[in-house]
Colleague: 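Just dropping this structure here.
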Amino acid sequence: MSRLKFRWIIALLLSVSTGCGGELGERSVQSEGGLYIVRYSPDVDPVPNAILFGLDVLVETAEGEASDVTALEFDATMPAHAHGMQTRPEVESLGNGRFRVEGLKFHMRGRWEMRFNIDGAAGADFAVAEEFAR
Amino acid sequence: MTRALAALALATAACGPGDLARRWTPEERQLIESLAIDGPMIPPPDPTNAYADDPRAAALGQALFVDTALSRDGSVSCATCHQPERHFTDGLRVAEGLFPGSRNTPTVVGAAFSPWQLWDGSKDSLWSQALGPFENPLEHGFSRVDVVRIVWTSYRSQYEGVFGPLPPMNLHHRFPPQARPDPTDPDGAANRGWQTMTEEDRAAIDAAFANTGKALAAFQRRLVPRPAPFDRYVRDLVAGRDRSDAMTEEAIEGLALFIGKAECISCHDGPRFTDDAFHNLGVPTNPDLFAPDRGRVEGALGVLDDPFNCWSPLSDAPENCAELRFLDPTFEDFDGAFKTPSLRDVARTAPYMHAGQFATLREVIDFYDELPGEPPVGHREFTLQPLELSEKEKDALEAFLHALSGQPQPARVVP
């Protein structure tokens, strides 16, 4: 089983176990080091191809403390084609673990990886989520 | 009689219910349907041009488009390069206004759909793009003051009926001929003339010049792709028909290659068959030109610095510039990259690539098939690999591209 698949299964289990089907619980992924859970919701679902869109993001510690998250950086790449986005997204902190990411454009159909670099009281960590642009 | 019945039975069996649909997997069918249009396309709104959908502005733009008085020696109009009978291209490798340029003339048809204009995306609206050629010494070789003077002389009532009063262009001492900002030649007559003007007069000229571009854009956004044989094939597919005469079997094979083995759809996606993004294919340099063209790496910086871009005070929506705001001019793959052209009506717009490097569609297919040589600048898009197509497959792909030729543009898009 690939590491990525393993990560997604964990994320799915967490998603189910925490019952996070609420406001930002549609999609969630655990950070690589297990320090944070990233929940996000794209403006357009499924994620569109070649159209600007944004994400609402909520980052919490593994213990569910959103206020302990202080910073978020974002980027996205298309591994199969070895390129990133032709845009430079902006991240705005809304406080209490909430962030708004704007300026994403997945200019090709297919699988993209979104990387969230997180900083907070629990330490630095990153999460990678996958999306399929359609 | 028996033989005839047998033949009929065979034919019926070959074209039984759902034959069209059965050719494709559900995923392929979904993909194919996403590429089709069912009527003339409707461009997205352009909030930066408050006159974009004003028919009076479009009528003025239509007249300006073919007026050769809008050039230094009275010989060049927009239609010199964007010839209606050639699908608004010129059939040349590189554009030729007053002098030869360095890029192939892109069609105007469907241009209104793209967030970026020109091969390098150095313009972010149709109206802003329309202004550049007037003052390019290789194209119209004119100046903004002269453009506004021609509008004042020949189109005053039409213009003022849409945009309001023009500057008093009969006052030559206030509006010297040839005057335009020219940082490349600060001591030249054009720039000196521009500097003699008051700030208010310069602003008035810039506003009227921008409005001229907005009228041209209002006309050009009416030039839209129209349904092609491919679309009629998809219509038959969606309708669950047993057969379709819209495309040949060869073209249908080409469609399968387009979305499959040849992976053309990676970039030529959506109803216009473009991702509106920029890619370095590593096409050879046009030997007639001096230096390799760096494309988007310069176009991205150019559009951010353009005095007529979305952020300009002359834009009608400077607060609504998301494409510009999120543009990353440092994107590492922009060197030598050019905008993916639409493939709608592509058979009508030869030659191909940003400097007309390839005379025919077959040459383009041969290029993708072999990917010869190294890119003149930057690096070739990593995803590109030689296709290794058979000659039959190349024929099929070419047949499909011909099936993207839609109904011709009407002679006049504004009555």
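In what follows, chains are A, B, ... by sequence order, proteins preceding strands, each numbered from 1.
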Colleague: Check S266(B) against M108(A) and note the closest heavy-atom contact, atom names and distance.
Modeller: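 That would be O-CG, 3.3 Å.
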
Colleague: So what's closer than 4.5 Å to chain A heavy atoms on E332(B): side chain, backbone, both or neither?
Modeller: neither

Colleague: Tell me yes or no: between the side chains of R109(A) and S34(B), is some donor less than 3.5 Å from an acceptor?
Modeller: yes

Colleague: Hey, is CG on D38(B) packed in by over 12 heavy atoms from elsewhere, all under 6.0 Å?
Modeller: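 No, not enclosed.
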
Colleague: At a heavy-atom separation under 4.5 Å, does F334(B) approach chain A through its side chain, its backbone, both, or neither?
Modeller: side chain

Colleague: Quick check: does any side chain N or O of E90(A) sit under 3.5 Å from a backbone N or O of F326(B), one acting as donor and the other as acceptor?
Modeller: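 Between the backbone of F326(B) and the side chain of E90(A) there is no qualifying donor-acceptor contact (under 3.5 Å).
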
Colleague: I'd like to know whether H279(B) forms a ring-ring contact (aromatic ring centres under 6.0 Å, His included) with H81(A), so could you lay out the CA-CA distance, the side-chain angles of the two residues, the decisive distance to 0.1 Å, and finally the verdict.
Modeller: CA-CA 12 Å; H279(B) 304 278; H81(A) 291 188; 9.0 Å; no

Colleague: Heavy-atom pairs under 4.5 Å with chain B: which of K105(A), H83(A), R88(A) has the most?
Modeller: R88(A)

Colleague: Which bit of T274(B) is near chain A, if near means a heavy-atom gap under 4.5 Å: side chain, backbone, both or neither?
Modeller: neither

Colleague: Name the region of M85(A), side chain, backbone, both or neither, that has any atom closer than 4.5 Å to a heavy atom of chain B.
Modeller: backbone

Colleague: Are N49(A) and D269(B) linked by a side-chain donor-acceptor pair shorter than 3.5 Å?
Modeller: yes

Colleague: For the candidates D333(B), T383(B), L384(B), which exhibits the highest count of non-hydrogen atom pairs separated by less than 4.5 Å from chain A?
Modeller: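 Highest number of heavy-atom pairs under 4.5 Å: T383(B).
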
Colleague: State, with a plain yes or no, whether a side-chain heavy atom of E323(B) is found less than 4.5 Å away from one of L52(A).
Modeller: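 In short, these two side chains touch, coming nearer than 4.5 Å.
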
Colleague: Counting heavy atoms not belonging to E374(B), are there more than 12 under 6.0 Å from its CD?
Modeller: no

Colleague: Considering only heavy atoms, which portion of R296(B) lies under 4.5 Å from any heavy atom of chain A: side chain, backbone, both, or neither?
Modeller: neither

